[in-house]
Amino acid sequence: MHGSGTGSEVDPTAGSGVDREFLALERELSVFLRRARASSGEMAREVHPELEPAAYGLLVRLDEAGPQRATELAAYIGVGKATMSRQLRALDDLGLIARDPDPADGRAWLVRITDEGRIRFRSVRDARRERYVRKLADWDRGEVAELARLLHQLNTRAESD
(Lines give C-alpha, C1' and ligand atoms only; values in the text may rest on other atoms or scores of the structure.)
Protein backbone atom coordinates (compact mmCIF):
# COMPACT_ATOMS: atom_id res chain seq x y z
CA MET A 1 0.00 0.00 0.00
CA HIS A 2 1.41 3.38 -1.03
CA GLY A 3 1.96 6.02 1.57
CA SER A 4 1.80 3.57 4.45
CA GLY A 5 5.11 4.82 5.78
CA THR A 6 6.56 1.31 5.97
CA GLY A 7 9.64 2.38 4.08
CA SER A 8 9.19 -0.40 1.53
CA GLU A 9 8.46 2.02 -1.29
CA VAL A 10 11.45 2.88 -3.47
CA ASP A 11 11.83 6.53 -4.30
CA PRO A 12 13.92 6.79 -7.51
CA THR A 13 14.97 10.29 -6.50
CA ALA A 14 16.00 9.31 -2.99
CA GLY A 15 19.51 10.26 -1.98
CA SER A 16 21.41 13.44 -1.58
CA GLY A 17 20.43 16.72 -3.20
CA VAL A 18 23.27 16.27 -5.67
CA ASP A 19 21.82 12.91 -6.75
CA ARG A 20 18.42 14.52 -7.38
CA GLU A 21 20.04 17.32 -9.36
CA PHE A 22 21.97 14.89 -11.55
CA LEU A 23 18.92 12.67 -12.02
CA ALA A 24 16.94 15.72 -13.12
CA LEU A 25 19.77 16.73 -15.47
CA GLU A 26 19.91 13.24 -16.98
CA ARG A 27 16.13 13.18 -17.46
CA GLU A 28 16.02 16.60 -19.13
CA LEU A 29 19.03 15.85 -21.33
CA SER A 30 17.40 12.58 -22.43
CA VAL A 31 14.25 14.43 -23.52
CA PHE A 32 16.32 17.15 -25.17
CA LEU A 33 18.51 14.66 -27.06
CA ARG A 34 15.52 12.61 -28.20
CA ARG A 35 13.92 15.76 -29.61
CA ALA A 36 17.23 16.90 -31.12
CA ARG A 37 17.65 13.58 -32.96
CA ALA A 38 14.14 13.86 -34.39
CA SER A 39 14.79 17.49 -35.35
CA SER A 40 18.12 16.57 -37.02
CA GLY A 41 16.29 14.05 -39.15
CA GLU A 42 13.76 16.65 -40.23
CA MET A 43 16.46 19.22 -40.96
CA ALA A 44 18.54 16.70 -42.91
CA ARG A 45 15.53 15.86 -45.10
CA GLU A 46 14.92 19.57 -45.65
CA VAL A 47 18.50 20.00 -46.89
CA HIS A 48 18.07 16.99 -49.20
CA PRO A 49 15.48 14.21 -49.06
CA GLU A 50 18.23 11.55 -49.19
CA LEU A 51 20.50 13.11 -46.56
CA GLU A 52 21.11 10.97 -43.46
CA PRO A 53 20.42 12.75 -40.16
CA ALA A 54 23.96 12.02 -38.91
CA ALA A 55 25.49 13.74 -41.94
CA TYR A 56 23.73 17.02 -41.12
CA GLY A 57 26.30 17.65 -38.37
CA LEU A 58 29.08 17.43 -40.94
CA LEU A 59 27.52 20.27 -42.91
CA VAL A 60 27.28 22.30 -39.70
CA ARG A 61 30.98 21.77 -39.02
CA LEU A 62 32.12 22.44 -42.59
CA ASP A 63 30.06 25.63 -42.80
CA GLU A 64 31.45 26.90 -39.49
CA ALA A 65 35.07 25.74 -39.69
CA GLY A 66 35.77 25.62 -43.42
CA PRO A 67 37.59 22.83 -45.28
CA GLN A 68 38.82 19.97 -43.09
CA ARG A 69 40.49 16.62 -43.48
CA ALA A 70 38.22 13.62 -43.06
CA THR A 71 40.26 12.54 -40.03
CA GLU A 72 39.65 15.93 -38.37
CA LEU A 73 35.92 15.65 -39.06
CA ALA A 74 35.81 12.10 -37.68
CA ALA A 75 37.57 13.20 -34.50
CA TYR A 76 35.31 16.22 -34.06
CA ILE A 77 32.09 14.26 -34.64
CA GLY A 78 33.36 11.25 -32.69
CA VAL A 79 33.04 8.51 -35.30
CA GLY A 80 35.43 6.07 -36.91
CA LYS A 81 37.08 6.39 -40.30
CA ALA A 82 34.73 3.90 -41.97
CA THR A 83 31.62 5.73 -40.78
CA MET A 84 33.10 9.07 -41.82
CA SER A 85 34.00 7.72 -45.26
CA ARG A 86 30.45 6.45 -45.80
CA GLN A 87 28.88 9.74 -44.69
CA LEU A 88 31.24 11.82 -46.83
CA ARG A 89 30.61 9.60 -49.85
CA ALA A 90 26.85 10.11 -49.43
CA LEU A 91 27.28 13.90 -49.12
CA ASP A 92 29.54 13.92 -52.17
CA ASP A 93 27.03 11.87 -54.19
CA LEU A 94 24.36 14.45 -53.32
CA GLY A 95 26.62 17.32 -54.45
CA LEU A 96 26.71 18.88 -50.98
CA ILE A 97 30.48 18.53 -50.43
CA ALA A 98 33.59 18.32 -52.58
CA ARG A 99 37.14 17.16 -51.97
CA ASP A 100 40.22 19.14 -52.92
CA PRO A 101 43.90 18.24 -52.57
CA ASP A 102 45.40 19.51 -49.31
CA PRO A 103 48.03 22.11 -50.27
CA ALA A 104 49.96 21.24 -47.09
CA ASP A 105 50.11 17.51 -47.95
CA GLY A 106 49.61 16.26 -51.50
CA ARG A 107 48.59 12.82 -50.22
CA ALA A 108 45.65 14.19 -48.23
CA TRP A 109 42.32 15.72 -49.19
CA LEU A 110 40.33 18.58 -47.71
CA VAL A 111 36.56 18.27 -47.56
CA ARG A 112 34.57 21.44 -48.19
CA ILE A 113 30.90 22.31 -48.45
CA THR A 114 29.85 23.16 -52.02
CA ASP A 115 27.95 26.31 -52.94
CA GLU A 116 24.81 24.19 -53.39
CA GLY A 117 25.38 22.53 -50.02
CA ARG A 118 25.91 25.90 -48.33
CA ILE A 119 22.74 27.39 -49.83
CA ARG A 120 20.62 24.38 -48.83
CA PHE A 121 22.17 24.08 -45.35
CA ARG A 122 21.92 27.79 -44.49
CA SER A 123 18.30 27.95 -45.59
CA VAL A 124 17.43 25.13 -43.17
CA ARG A 125 19.66 26.55 -40.41
CA ASP A 126 18.05 29.99 -40.70
CA ALA A 127 14.56 28.48 -40.53
CA ARG A 128 15.58 26.50 -37.44
CA ARG A 129 16.98 29.64 -35.81
CA GLU A 130 13.70 31.42 -36.50
CA ARG A 131 11.86 28.57 -34.71
CA TYR A 132 14.15 29.06 -31.69
CA VAL A 133 13.40 32.78 -31.70
CA ARG A 134 9.65 32.06 -31.70
CA LYS A 135 9.84 29.34 -29.02
CA LEU A 136 11.98 31.48 -26.72
CA ALA A 137 10.28 34.82 -27.45
CA ASP A 138 9.24 35.20 -23.81
CA TRP A 139 12.77 34.52 -22.52
CA ASP A 140 15.05 37.33 -21.50
CA ARG A 141 18.06 37.63 -23.87
CA GLY A 142 20.31 37.09 -20.86
CA GLU A 143 18.62 33.72 -20.21
CA VAL A 144 19.17 32.69 -23.84
CA ALA A 145 22.83 33.74 -23.58
CA GLU A 146 23.21 31.82 -20.31
CA LEU A 147 21.69 28.67 -21.82
CA ALA A 148 24.06 28.96 -24.80
CA ARG A 149 27.03 29.46 -22.45
CA LEU A 150 26.11 26.44 -20.33
CA LEU A 151 25.54 24.21 -23.36
CA HIS A 152 28.89 25.34 -24.78
CA GLN A 153 30.56 24.47 -21.48
CA LEU A 154 28.90 21.04 -21.47
CA ASN A 155 29.92 20.41 -25.11
CA THR A 156 33.50 21.51 -24.44
CA ARG A 157 33.77 19.09 -21.52
CA ALA A 158 32.23 16.28 -23.61
CA GLU A 159 34.91 16.83 -26.28
CA SER A 160 37.67 16.17 -23.74
CA ASP A 161 36.26 12.80 -22.63
*Asks:* Could you pull out all residues at least two apart from L25 that satisfy side chain to side chain contact (heavy atoms under 4.5 Å, CB included)?
*Replies:*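 By the side chain to side chain contact (heavy atoms under 4.5 Å, CB included) rule, L25 matches F22, L29.
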*Asks:* Between L96 and W109, is there shared hydrophobic-cluster membership here, with clusters defined by ILVMFWY side-chain heavy atoms closer than 4.5 Å?
*Replies:*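 Looking at the clustering, W109 is in a separate group from L96.
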*Asks:* Residues sharing L151's hydrophobic cluster, by side-chain heavy-atom contacts under 4.5 Å among ILVMFWY, directly or via others?
*Replies:*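 L151 clusters with L136, W139, V144, L147.
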*Asks:* Can you list everything that forms a side-chain hydrogen bond (donor to acceptor under 3.5 Å, both in side chains) with D93? Sequence neighbours excluded, please.
*Replies:*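 Applying side-chain hydrogen bond (donor to acceptor under 3.5 Å, both in side chains) to D93 gives none.
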*Asks:* Apply the hydrophobic cluster definition, ILVMFWY joined by side-chain contacts under 4.5 Å directly or through others, and give me every member besides F32.
*Replies:*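 Answer for F32: L33.
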*Asks:* Taking side chain to side chain contact (heavy atoms under 4.5 Å, CB included) as the definition, give me every residue that meets it alongside A70, ordered by chain and number, with sequence neighbours left out.
*Replies:*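 M84, L88.
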*Asks:* Quick one: which residue pairs count as a salt bridge (Lys or Arg N to Asp or Glu O under 4.0 Å) with a foot in residues 69-80, not counting sequence neighbours?
*Replies:*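 Every salt bridge (Lys or Arg N to Asp or Glu O under 4.0 Å) pair that includes a residue of residues 69-80, provided the two are not neighbours, is R69-D102, R69-D105.
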*Asks:* Mind jotting down which residue pairs meet the salt bridge (Lys or Arg N to Asp or Glu O under 4.0 Å) criterion with at least one end in residues 140-150? Sequence neighbours excluded, please.
*Replies:*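 Listed by first then second residue: E146-R149.
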*Asks:* Show me the donor-acceptor pairs, under 3.5 Å and distance only, between side chains in residues 41-58 and residues at least two apart or in other chains.
*Replies:*
{"from": "R45", "atom 1": "NH1", "to": "G41", "atom 2": "O", "distance (Å)": "3.2"}
{"from": "H48", "atom 1": "ND1", "to": "E50", "atom 2": "N", "distance (Å)": "3.1"}
{"from": "E52", "atom 1": "OE1", "to": "R86", "atom 2": "NH1", "distance (Å)": "3.1"}
{"from": "E52", "atom 1": "OE2", "to": "R86", "atom 2": "NH1", "distance (Å)": "2.9"}

*Asks:* Using salt bridge (charged side-chain N to carboxylate O under 4.0 Å, His left out) as the criterion, list what pairs up with R35, not counting sequence neighbours.
*Replies:*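 R35 satisfies salt bridge (charged side-chain N to carboxylate O under 4.0 Å, His left out) with no residue once adjacent residues are dropped.
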*Asks:* Salt bridge (charged side-chain N to carboxylate O under 4.0 Å, His left out) with D126: which residues, sequence neighbours excluded?
*Replies:*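 Testing D126 for salt bridge (charged side-chain N to carboxylate O under 4.0 Å, His left out), a comparison that skips the adjacent residues, returns R129.
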*Asks:* I need the full list of salt bridge (Lys or Arg N to Asp or Glu O under 4.0 Å) pairs touching residues 53-65, with sequence neighbours left out, sorted by first then second residue.
*Replies:*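 Every pair satisfying salt bridge (Lys or Arg N to Asp or Glu O under 4.0 Å) with a residue in residues 53-65: D63-R118, D63-R122, D63-R125.
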*Asks:* Taking side chain to side chain contact (heavy atoms under 4.5 Å, CB included) as the definition, give me every residue that meets it alongside E130, ordered by chain and number, with sequence neighbours left out.
*Replies:*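 V133, R134.
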